[in-house]
*Asks:* 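Just passing along the structure, written as structure tokens.
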Amino acid sequence: MSSAQDPFYIVKEEIQDSIDKLQSTFHKWERISPDMGDQAHVAKELVATCGSIEWQVDELEKAITVAAKDPSWYGIDEAELEKRRRWTSNARTQVLNVKSGVLAGKVSSGAGHASEVRRELMRMPNSGEASRYDQYGGRDDDGFVQSESDRQMLLIKQQDEELDELSKSVQRIGGVGLTIHDELVAQERIIDELDTEMDSTKNRLEFVQKKVGMVMKKAGAKGQMMMICFLLVLFIILFVLVFLT
């Protein structure tokens with residue numbers, strides 16, 4: 001499976017984009033003056049984003065764990081699995097660094113402001129978990145992965161059954177084609193026999209015509225008249241017999 005088709009790389013790009021945006025926002029947060037009220041608000045958004053990305057990385061790691069049980073079925077090898085593990089570990093480290101930097105606060109800020117920021121941020125993980133719970137309907141992560149795996153297996157089973165039905169249909173069509181072929185061969189044989197019979201009948205008829213012609217020539221005009229009269233009388237007799245019956 002190519003990288004463009006592998007779901008891992010699709011999710012990886014989405015997560016990496018989120019991490020890049022997270023780091024960009026974090027750098028902007030570092031430049032915000034402690035006197036401005038936006039710092040605490042941006043800090044809450046940063047921690048919430050960290051929690052969301054961490055959850056995505058967790059799901060990706062679970063998918064890698066599932067793939068590691070049977071790599072050949074997913075078309076990957078151990079080197080690819082190790083590469084994916086390193087990437088998720090690096091992604092988690094990047095998110096953790098941002099989260100730690102936000103929780104630590106700016107060194108130049110006052111102790112009271114830092115404490116306020118920390119108090120605001122300490123309440124965020126629960127809110128992040130609640131939002132994720134609302135978003136995904138409170139489904140258990142392991143159960144979700146298992147259900148997705150079961151759904152994929154069910155789809156594969158359905159596809160196998162459809163392929164079996166298609167194979168049977170092709171076999172039936174092939175059988176009908178063979179039957180039609182046999183019928184055509186039999187009809188061709190009958191037509192050949194009929195042509196042979198017609199040729200034989202034609203030859204016999206030509207032979208009879210030649211004999212009749214020879215007889216007519218030998219009999220002469222008088223003999224021909226007598227033969228015509230004889231045939232006419234024979235025809236009248238046969239007609240009367242047929243009419244009386």
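Side chains included, hydrogens not; waters and symmetry mates left out as well; all remaining heavy atoms used.
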*Asks:* Please give me the minimum heavy-atom distance between Ala43 and Trp29, naming the atom from each residue.
*Replies:*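 Looking at all heavy atoms of both residues, the shortest contact is CB-NE1, 3.6 Å.
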
*Asks:* Would you check if Lys83 and Glu78 make a side-chain contact, meaning some heavy-atom pair closer than 4.5 Å?
*Replies:*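 Heavy-atom side-chain distance check fails, nothing below 4.5 Å.
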
*Asks:* Could you tell me the separation between the CD atom of Glu82 and the OG atom of Ser89, rounded to the nearest 0.5 Å?
*Replies:*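 Here the rounded value is 9.5 Å.
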
*Asks:* Just checking, is any N or O donor in the side chain of His41 or Glu45 under 3.5 Å from an acceptor N or O on the other one?
*Replies:*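 Glu45 and His41 do have a side-chain donor-acceptor pair below 3.5 Å.
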
*Asks:* Run Trp87 and Ile15 through side-chain contact (heavy atoms from CB on, under 4.5 Å) and show every step you take.
*Replies:* CA-CA 11 Å; Trp87 185 87; Ile15 295 176; 3.8 Å; yes

*Asks:* Between Ser72 and Asp70, is the side-chain hydrogen bond (donor to acceptor under 3.5 Å, both in side chains) condition met? List the steps.
*Replies:* CA-CA 6 Å; Ser72 59; Asp70 190 4; 3.0 Å; yes

*Asks:* Quick check: does any side chain N or O of Asn90 sit under 3.5 Å from a backbone N or O of Arg86, one acting as donor and the other as acceptor?
*Replies:*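 No, the answer is negative, given that no donor and acceptor are paired below the 3.5 Å cut-off.
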
*Asks:* Passes side-chain contact (heavy atoms from CB on, under 4.5 Å), Glu188 versus Glu183? Steps please.
*Replies:* CA-CA 8 Å; Glu188 184 179 1; Glu183 289 292 333; over 6 Å; no

*Asks:* Could you see if Trp73 belongs to whatever hydrophobic cluster contains Leu81? Use Ile, Leu, Val, Met, Phe, Trp, Tyr and a side-chain cutoff under 4.5 Å.
*Replies:*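 Both belong to a single hydrophobic cluster.
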
*Asks:* Rounded to the nearest 0.5 Å, what separation is found between the CG atom of Leu60 and the CD atom of Gln56?
*Replies:*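 Separation between the atoms: 9.0 Å.
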
*Asks:* When you measure from the side chain of Ser200 to the backbone N and O of Thr196, does any donor-acceptor pair fall under 3.5 Å?
*Replies:*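 No, Ser200 side chain to Thr196 backbone: no donor-acceptor pair under 3.5 Å.
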
*Asks:* Within the 4.5 Å heavy-atom criterion, are Pro71 and Ile76 side-chain neighbours or not?
*Replies:*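 Yes, their side chains come closer than 4.5 Å.
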
*Asks:* Tell me whether Val240 is reachable from Leu232 by hopping between hydrophobic residues (I, L, V, M, F, W, Y) whose side-chain heavy atoms are closer than 4.5 Å.
*Replies:*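 In one cluster: yes.
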
*Asks:* How about Ile53 and Ile19: do any of their side-chain heavy atoms sit closer than 4.5 Å?
*Replies:*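 Of all side-chain heavy-atom pairs linking Ile19 with Ile53, at least one is under 4.5 Å.
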
*Asks:* What's the spacing between Gln94 CD and Cys50 SG if we round to 0.5 Å?
*Replies:*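 Spacing of CD (Gln94) from SG (Cys50) equals 11.0 Å.
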
*Asks:* For the residue pair Asp199 / Thr201, report whether a side-chain donor-acceptor contact shorter than 3.5 Å exists.
*Replies:*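 Judged by distance alone, the side chains do not pair up.
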
*Asks:* For Arg85, does its backbone N or O pair with a side-chain atom of Thr88 as donor and acceptor, under 3.5 Å?
*Replies:*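 Yes, the answer is positive, given that a donor and an acceptor are paired below the 3.5 Å cut-off.
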
*Asks:* Is Ile156 reachable from Val66 through a run of hydrophobic residues whose side-chain heavy atoms are each under 4.5 Å from the next?
*Replies:*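 Val66 clusters together with Ile156.
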
*Asks:* Side-chain contact test, heavy atoms from C-beta onward, threshold under 4.5 Å: evaluate it for Gln23 versus Val98 and give yes or no.
*Replies:*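 A side-chain contact under 4.5 Å exists here.
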
*Asks:* As an exercise, state the distance from CD1 of Ile191 to CZ of Arg189, rounded to the nearest 0.5 Å.
*Replies:*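 Spacing of CD1 (Ile191) from CZ (Arg189) equals 11.5 Å.
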
*Asks:* Decide yes or no for Leu22 and Leu46: does some side-chain heavy atom of the first lie under 4.5 Å from some side-chain heavy atom of the second?
*Replies:*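 Yes, side chains in contact.
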
*Asks:* Considering only heavy atoms from C-beta outward, does the side chain of Phe26 approach that of Thr49 to under 4.5 Å?
*Replies:*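 SC-SC contact between Phe26 and Thr49 ruled out.
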
*Asks:* Identify whether the distance between the nearest side-chain nitrogen and carboxylate oxygen of Arg84 and Glu80 falls below 4.0 Å.
*Replies:*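 A salt bridge is present here (some side-chain N lies under 4.0 Å from a carboxylate O).
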
*Asks:* May I ask you to decide if Lys21's main-chain N or O and Thr25's side chain share a donor-acceptor pair within less than 3.5 Å?
*Replies:*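 Yes, because the side chain of Thr25 sits within donor-acceptor range (under 3.5 Å) of the backbone of Lys21.
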
*Asks:* Charged N to carboxylate O under 4.0 angstrom, Arg92 versus Glu61?
*Replies:*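 Looking at Arg92 and Glu61, the cut-off is met.
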
